[in-house]
Amino acid sequence: MRPKLFEYPYRVIRWSTTGTMIEEVAGAAHFSVALAAFEAALNAWRDEEMTLQQGARIMRKGLRPRDAPTADGSARSISEGTD
């Protein structure tokens, strides 16, 4: 039987601009998997705050604006889309 998301020690959570939890995006048993899910969530939901948590402990907190620099250092415009 597959465990429910809240049963995992690491969680990626999406937050509204008012500070209300929107949804639990991912759960993982290992930190490295949770970190990868956190990075992917930052790319998938640009302009929305994400946290990577271990229980109540916030391990990473992030927001990736649409005009954030890409890996090669160039800026990305909103009109280019998310991917």
*Asks:* Could you list the residues that satisfy side chain to side chain contact (heavy atoms under 4.5 Å, CB included) with Leu35, not counting sequence neighbours?
*Replies:*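 Result, side chain to side chain contact (heavy atoms under 4.5 Å, CB included) vs Leu35: Phe31, Phe38, Leu52, Arg60.
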*Asks:* Run the side chain to side chain contact (heavy atoms under 4.5 Å, CB included) test against Ala37 and tell me which residues pass, sequence neighbours left out.
*Replies:*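 Counting only residues at least two positions away or on another chain, Ala37 forms a side chain to side chain contact (heavy atoms under 4.5 Å, CB included) with Val12, Ala26.
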*Asks:* Hey, what do you get for CZ (Arg14) to CE (Met21), rounding to the nearest 0.5 Å?
*Replies:*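 Arg14 CZ to Met21 CE: 11.0 Å, rounded to 0.5 Å.
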*Asks:* Can you tell me how far the CD1 atom of Ile22 sits from the CE atom of Met50, to the nearest 0.5 Å?
*Replies:*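 These two atoms lie 7.5 Å from each other.
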*Asks:* Indicate the atoms forming the closest heavy-atom contact of Ala41 with Val25, along with that distance.
*Replies:*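 Looks like CB-CG1, 4.3 Å.
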*Asks:* Given side chains that start at C-beta, do those of Glu49 and Lys61 come closer than 4.5 Å, heavy atoms only?
*Replies:*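 Counting from C-beta outward, Glu49 and Lys61 do come under 4.5 Å.
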*Asks:* Could you tell me which non-hydrogen atom of Asn43 sits nearest to which non-hydrogen atom of Arg46, and how far apart they are?
*Replies:*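 Result for this residue pair: OD1-NH2, 3.3 Å.
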*Asks:* Would you give the length of the straight line joining atom CD1 of Ile58 to atom OG1 of Thr51, rounded to the nearest 0.5 angstrom?
*Replies:*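 Rounded to the nearest 0.5 Å, the CD1-OG1 separation comes to 5.5 Å.
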*Asks:* With sequence neighbours left out, write down each residue that passes side chain to side chain contact (heavy atoms under 4.5 Å, CB included) with Thr18, or none if nothing qualifies.
*Replies:*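 Residues passing side chain to side chain contact (heavy atoms under 4.5 Å, CB included) with Thr18: Ser16, Thr20.
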*Asks:* Can you tell me how far CD of Gln53 sits from CZ of Arg11, rounded to the nearest 0.5 angstrom?
*Replies:*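 These two atoms lie 5.0 Å from each other.
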*Asks:* Just how far is it from atom CD of Gln54 to atom CE of Met59, taken to the nearest 0.5 Å?
*Replies:*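 Spacing of CD (Gln54) from CE (Met59) equals 5.0 Å.
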*Asks:* Taking all non-hydrogen atoms of both residues, which atom of Asp47 and which atom of Leu63 are closest, and how far apart?
*Replies:*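 Heavy atoms only, the tightest pair is C-CD1, 3.2 Å.
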*Asks:* What distance separates Trp15 CH2 from Glu23 CD, expressed to the nearest 0.5 Å?
*Replies:*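 Here the interatomic distance stands at 12.0 Å.
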